[in-house]
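See below for the structure under consideration.
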Amino acid sequence: MRTSDIDMLLNRVDQLLQANAPDQALKLISNSKIKTPWLKNATAVCQLRLGNPQVAIEIYRSLLVNGGIFLRADAPVVFKVNFAVALLLDKNLPGFYNALFDVKEEEHPSIPKLKAAVKNWRQQLTLWQKLQLICGNHPHAPLELGFAPGDLR
């Protein structure tokens, strides 16, 4: 498949996501005959925006997890960041921090926004909720990112 075909499809998916239509973007992807990791990423982004972080996690595991423990070093940083977002939305804070740790040397525009959202959330926790967090339990406090989860590029 030509790169221009993939770019055109990703641009159309991006337009639908910007129009807050992840269901239509997902339909567009599934109707495509193109098979590429970039469309798997786009599918996972759609799932994140539809509120299905578990589905996104499974997609990112197929793209990123190497040997069950480490993320693939050759994977695009945007995939790793999106995987971290999926884990965060699935209330898997240890997994989120581990995935984010894997991108510590890389740059992506979502990383500072993501860190700021988590920092803001942690600051708003009550003392009891902070204790829960220290003990490894996810407190019952909604985490608002303040931006649409997942990026295509």
Side-chain angles (χ1 to χ4, degrees), residues 5-66 68-125 129 133 136-153:
D5 293 337
I6 296 167
D7 286 340
M8 285 176 34
L9 182 57
L10 284 174
N11 287 338
R12 181 66 186 128
V13 167
D14 194 28
Q15 290 170 352
L16 289 168
L17 289 173
Q18 289 180 26
N20 199 25
D23 52 339
Q24 292 176 16
L26 196 56
K27 187 179 286 188
L28 180 67
I29 294 166
S30 65
N31 288 338
S32 168
K33 304 268 189 252
I34 301 172
K35 303 295 179 210
T36 172
W38 289 100
L39 284 180
K40 282 187 174 185
N41 176 59
T43 300
V45 169
C46 291
Q47 293 294 344
L48 284 171
R49 300 216 181 159
L50 288 168
N52 302 319
Q54 266 302 344
V55 176
I57 289 168
E58 291 307 314
I59 293 168
Y60 286 120
R61 281 190 177 134
S62 74
L63 288 170
L64 295 169
V65 176
N66 184 11
I69 298 173
F70 302 103
L71 299 183
R72 292 177 45 173
D74 64 338
V77 67
V78 68
F79 294 8
K80 295 174 187 179
V81 172
N82 288 340
F83 182 53
V85 170
L87 291 167
L88 179 64
L89 293 177
D90 195 45
K91 299 179 180 174
N92 181 343
L93 285 175
F96 163 75
Y97 285 119
N98 285 337
L100 206 56
F101 181 78
D102 263 21
V103 296
K104 69 179 178 205
E105 300 296 324
E106 302 177 73
E107 292 184 23
H108 190 272
S110 289
I111 294 173
K113 293 189 303 187
L114 203 50
K115 287 180 178 180
V118 172
K119 181 180 178 183
N120 184 47
W121 173 73
R122 290 179 76 126
Q123 289 174 340
Q124 294 179 13
L125 294 177
Q129 290 169 328
L133 194 58
N137 297 318
H138 194 292
H140 295 288
L143 191 149
E144 294 295 327
L145 291 178
F147 57 92
D151 293 299
L152 296 183
R153 296 182 180 124

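Fair warning: this is a prediction, and the values are worked out from it, not measured in the lab. One is the number of the first residue; the rest follow in order along the sequence.
Looking at Y97 and L87, their side chains never come closer than 4.5 Å, going by heavy atoms from C-beta outward. Between Q47 and L26, some side-chain heavy-atom pair lies under the 4.5 Å cut-off. Side-chain contact check for W38 versus V13: every heavy-atom pair is 4.5 Å or farther apart. Side-chain atoms of F83 and D102, non-hydrogen and from C-beta on, never get closer than 4.5 Å to each other. The shortest side-chain heavy-atom distance between L114 and F96 falls under the 4.5 Å cut-off. Inter-residue side-chain proximity for K40 and I59 is flagged as met; some heavy-atom pair is nearer than 4.5 Å. Contact annotation: the side chain of W121 approaches that of L133 to within less than 4.5 Å [non-hydrogen atoms, C-beta and beyond]. Residues L50 and V55 have side chains not in contact (no heavy-atom distance under 4.5 Å, counting atoms from C-beta outward).
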| Where do E58 and R61 land on the side chain to side chain contact (heavy atoms under 4.5 Å, CB included) test, with the steps shown first? | CA-CA 5 Å; E58 291 307 314; R61 281 190 177 134; 2.9 Å; yes
| said: The test is side chain to side chain contact (heavy atoms under 4.5 Å, CB included); show your working for V78 and H108 and say whether it passes. | reply: CA-CA 7 Å; V78 68; H108 190 272; 3.5 Å; yes
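To the nearest 0.5 Å, the span separating CG on L88 from CG on L145 amounts to 6.0 Å. Residue Q18 holds its CD atom at 7.5 Å from CD of Q15, rounded to the nearest 0.5 Å. The distance from the CZ atom of R12 to the CD1 atom of I29 is 11.5 Å, given to the nearest 0.5 Å. Residue N41 holds its CG atom at 9.5 Å from SG of C46, rounded to the nearest 0.5 Å. Note that CG of D14 is 5.0 Å distant from CG of L152, once rounded to the nearest 0.5 Å. Once rounded to the nearest 0.5 Å, the distance linking CG of N120 with CD of E144 reads 10.5 Å.
Atom CD of Q123 is surrounded by more than 12 heavy atoms from other residues, nucleotides or ligands within 6.0 Å.
Of all non-hydrogen atoms in P53 and A86, the two that sit nearest each other are CB-O, 3.5 Å. Here the shortest heavy-atom pairing between N82 and L48 reads O-CD1, 4.0 Å. Minimum interatomic distance between L17 and R49 (heavy atoms only, all atoms of both residues): CB-NH1, 3.4 Å. Nearest heavy-atom pair, P112 versus P109, reported as atom, atom and distance to 0.1 Å: CD-O, 3.4 Å. Residues Q129 and A141 come closest through the heavy atom pair NE2-CB, 3.6 Å. Pairing each heavy atom of V45 with each of P149, the nearest pair is CG1-O, 4.0 Å.
Between the side chain of N31 and the backbone N or O of K27, at least one donor-acceptor pair lies under 3.5 Å. Using modelled atom types, one side-chain atom of N11 and one backbone atom of D7 make a donor-acceptor pair closer than 3.5 Å.
With T36 as the partner, the side chain to side chain contact (heavy atoms under 4.5 Å, CB included) test is satisfied by one option alone out of L10, I6, L9, D5: I6.
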